[in-house]
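Scroll down for the structure; my scribbles are underneath it.
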Amino acid sequence: MSYLGRVATKRPRPALVRRTTDHGAAMQDDAYDLPEAPSDDEESKLYRIRHSTAHVLAQAVQRLWPHARLAGGPPVKDGFYYDIEIDDHTLSEEDFAQLEKTMKRIVKENQPFEMTTWPREKIIAHYQRTDQVYKLDLLERIIPDPEVGICQNPQKGSDDVWFDMCRGPHVPRTGQCKHFKLLRVSGAYWRGQSDQPMLQRVYGTAWKTREQLDTYLHRLEEAKKRDHRKLGRDLDLFMFHDWAPGAPFWLPKGEDLYHTLARRMRDLLVQGGYQPVRTPLVFDSALFETSGHWEHYRENMYHFDERHAAHGHGEAAHTQAQAHGDNDQGGRQLGLKPMNCPCHMLIFKHKKRSYRDLPLRIHDQGVLHRNELSGTLSGLTRVRQFSQDDAHIFCTQEQIAAEVEALLHLIDKVYRAFDMPVALKLSTRPAEKLGSDELWDAAEDALRQALDATGRPYEIKEGDGAFYGPKIDFDVYDALERTHQCATVQLDFQLPRRFDLSYVGADNQPHVPVVIHRAVFGSFERFIGILIEHYAGAFPVWLAPEQVRVMTVSERSEAHGEGVLRALKSAGIKATADLSDAKIGYKIRECHNQKVPYMLIIGERERDEGTVSVRSRDDGDLGAMPVEDFLTRVVAESLPPF
RNA sequence: GCCCAUGUAGCUCAGAGGUAGAGCACCUCCUUGGUAAGGAGGAGGUCACCGGUUCAAUUCCGGUCAUGGGCUCCA
């Protein structure tokens, strides 16, 4: 069975048909067509439970705050949320106890969920009366139906009915929503747009059984334990400082990890015919005007006026320069590059290129800056300064398929080595696009051909490509089966034109090359964050910043310990020694907490016999062996697996 | 950027309108011990920063900064 095939079989996806290029009617059908085909599989049952529990939450909120305005409350992965607006109260986690108590009461009342429909006018009148502006907005915008779905919960011991506009489906009664827990509350813009009011979103999880709920909560705990921010501190890998938000400091061990990955990738790419380069960080705005970043990406860029920067003028000079536009003061507008591609365009253009030079593969691990919104920064996952295992391939249209095929091999090889399954997705031309249909046809065919050559399943996302070219996305699965976007292969028909690139073809005519943007790890920062969590900080030997720790039982074996350390180091092993006067049990515990793959215990016995006692982080006590035997073993394990 | 929460020793966290505590880590000494914490002592904090209220603020209030959870998945 193919490696990637395994993913597809292991994690069946609901047949979610959500590819639609036109809006309106198609969108509507879509909305009614969520994975809710009346089947009895787990997904569907859970979906009903979660959807129903969202209703229970909404009802509870309105019991406690009768004037609360409800927005929407869909089921999501592992749970549900409900968006709410309460005029005179701000929900916080302190409200959870009370809310959950009220929800449990509703569950206990075992109210039925009854679907019915109301005439449109009736529901509108009701919502106008009760000031449910968000429901009214939904009716106006996305529910054209003359008869609107209503889900009713008759109240126990009275004629009252609590209801919510809803298309269903639900479980039969609230009694089946027993196993839930509210998790967090956050802000969320109505319709996800920042010009809309900010609502309060309450997230919860819900399951079929108590055990499932407990398992899920336990999984959250486990994930928290391997959070890369915590491990980064515990293992001394990296740090942050208030004075450089979003910019990691790589401490010696983290830097080692970084360097190991960067170096290995560089070597691999050189083998694959790439040429590493090193390029500037700061550029005249002309570069970004040419590339289009100035127009489309400026808000995410760091930029400044050269004169202002050089003379250190205060705010006055700054505002004056701004008031007069970019160049009135005579100083250049400068920007820190957010991507490497424009640099590589310049490198291509630096010489007259022939078709014989193609494909030209330029690799660059340059430092990039992106001024991400402050609220989006998060550990190594979202940073403002980073670098990538970036490269751009300049090639002819005919070369696309072969290049992409090689890339797919490379990506597979790398992620296989990390034991991370990868799923493939092809995104094709969007409605708004640049380039002729012939070009797109050829390019999409080339990508399909390369994908087919892998013999693996892949998903097609019609219309999801960028306006400048189709792309292949990769979903990487970590040890907790979470997905991450790391690798990318993106064709670009536009950038070469913006930079007026050309090569001389065999016909002695100029032709515009195709550019392939590609990365395997993506940003090193984020990828290391993912690896930390994937391995829970217990890196394989080849990656471990400290591979072996030599520890002595007492002073009497110190000399032998130092000898062993020297031998390890001269064999290129990253080794340290703990010669302190702590007891061996203490040293082992310390070393284990630091997740060092091998501990060598050196006592008088080992000294006399010329051996080392090996304790493996993963396999425990391996007993004594000659120093040479251990060296052979650890050197072998230090080789990168790709 | 917006909403909510948080910010006390290197780390994890107590605490209270009257100028601060624990465990671990750190340092010193004792201990020479064989596979997950040996013992004793010591040092360490402008309680994130700025302002306000108060006789008195780390504690209450406001602002700033940072961190965390969110902000496409549309009844």
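Proteins get letters first, then strands, A, B, ... in listed order; numbering begins at 1 in each. Computed over heavy atoms, backbone and side chain alike; hydrogens, waters and symmetry mates excluded.
Take A:K583 and apply the salt bridge (Lys or Arg N to Asp or Glu O under 4.0 Å) test, not counting sequence neighbours, and it matches no residue. Residues forming a side chain to side chain contact (heavy atoms under 4.5 Å, CB included) with A:R605 (at least two apart in sequence, or on another chain): A:E609. Under the ring pair (Phe, Tyr, Trp, His ring centres under 6.0 Å) criterion, A:H218 pairs with no residue at all, not counting sequence neighbours. Residues forming a salt bridge (Lys or Arg N to Asp or Glu O under 4.0 Å) with A:R384 (at least two apart in sequence, or on another chain): none. Applying the salt bridge (Lys or Arg N to Asp or Glu O under 4.0 Å) test to A:R201 and every residue at least two apart in sequence or in another chain returns A:D83. Take A:D227 and apply the side-chain hydrogen bond (donor to acceptor under 3.5 Å, both in side chains) test, not counting sequence neighbours, and it matches A:R229. With sequence neighbours left out, A:D131 forms a salt bridge (Lys or Arg N to Asp or Glu O under 4.0 Å) with A:R69. The side-chain hydrogen bond (donor to acceptor under 3.5 Å, both in side chains) check on A:E525 picks up A:Y258, with sequence neighbours excluded.
Remark: C1' of B:U72 and NZ of A:K461 are 11 Å apart, rounded to the nearest angstrom. When rounded to the nearest whole Å, the span between NZ of A:K77 and C1' of B:U72 equals 17 Å. As a whole-Å value, the separation of A:H241 NE2 from B:C65 P is 16 Å. Note: OH (A:Y82) to C1' (B:C73) measures 16 Å, nearest angstrom. Following rounding to the nearest Å, A:Y81 (OH) and B:G69 (P) show an atom-to-atom distance of 18 Å. Rounded to an integer number of Å, the gap from CD of A:E299 to C1' of B:G1 is 10 Å. In this entry the distance linking CH2 of A:W190 with C1' of B:C73 reads 14 Å, nearest Å. The CE atom of A:M239 sits 14 Å away from the C1' atom of B:U67 (whole-angstrom rounding).
Applying the 4.0 Å criterion to OP1 and OP2 of B:G70, one finds that A:R184 has a side-chain N or O inside that range.
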query: For nucleotides 2-12 of chain B, read 5' to 3', which letter fits each nucleotide if B means a protein heavy atom sits under 4.0 Å from the base, S means only the sugar-phosphate is that close, and - means neither?
result: BBS------SS
- line: Per-nucleotide protein contact along nucleotides 23-40 of chain B, 5' to 3', at a 4.0 Å heavy-atom cut-off (B base, S sugar-phosphate only, - neither), is --S----BBBBBBBBS--
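Side-chain contact annotation: A:E85 with A:Q132, donor-acceptor N/O pair under 3.5 Å absent. Side-chain N/O atoms of A:Q111 and A:T174 include no donor and acceptor closer than 3.5 Å.
A distance of about 10 Å separates the C1' atoms of B:C60 and B:U54, rounded to the whole Å. Here, B:A57 and B:U53 have their C1' atoms 9 Å apart, quoted to the whole Å. Comparing B:A16 with B:C3, their P atoms sit 30 Å apart, to the nearest whole Å. Taking atom C1' on both B:A20 and B:G45, the two are 9 Å apart, rounded to the nearest angstrom. Between the P atoms of B:C55 and B:A43, the separation comes to 37 Å (whole Å). B:G51 sits 15 Å from B:A56 when the P atoms are compared, rounded to a whole Å. Using C1' as the reference atom, B:G18 and B:C47 are 16 Å apart when rounded to the nearest Å.
Residue pairs meeting the ring-ring contact (aromatic ring centres under 6.0 Å, His included) criterion with at least one partner in residues 126-155 of chain A, sequence neighbours excluded, are A:H126-A:F163, A:Y134-A:W190.
Positionally, the nearest nucleotide of RNA chain B for A:W243 lies more toward the 5' end than for the other of A:W243 and A:G149.
If you check every strand for non-hydrogen atoms under 4.0 Å, A:F240 touches nothing. Across all strands shown, A:L70 has no heavy atoms under 4.0 Å from either base or sugar-phosphate atoms. As judged by a 4.0 angstrom heavy-atom cut-off over every strand, A:G620 is placed among residues making no nucleic acid contact. Among the heavy atoms of the strands lying under 4.0 Å from A:L373 is at least one base atom, whether or not backbone atoms are also near.
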message: Please convert RNA chain B into dot-bracket. A pair counts if it is Watson-Crick or G-U wobble with both distances under 3.5 Å; crossing pairs go in [ ] and bases paired with another strand get |.
response: (((((((..((((....[..)))).(((((.......))))).....(((((..]....))))))))))))....
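A cation-pi arrangement is present between A:R50 and A:W207 under the rule of less than 6.0 angstrom and at most 45 degrees off the ring axis.
For the ring pair (Phe, Tyr, Trp, His ring centres under 6.0 Å) with A:H170, the qualifying choice from A:F80, A:F113, A:Y47 is A:F113, the only one to do so.
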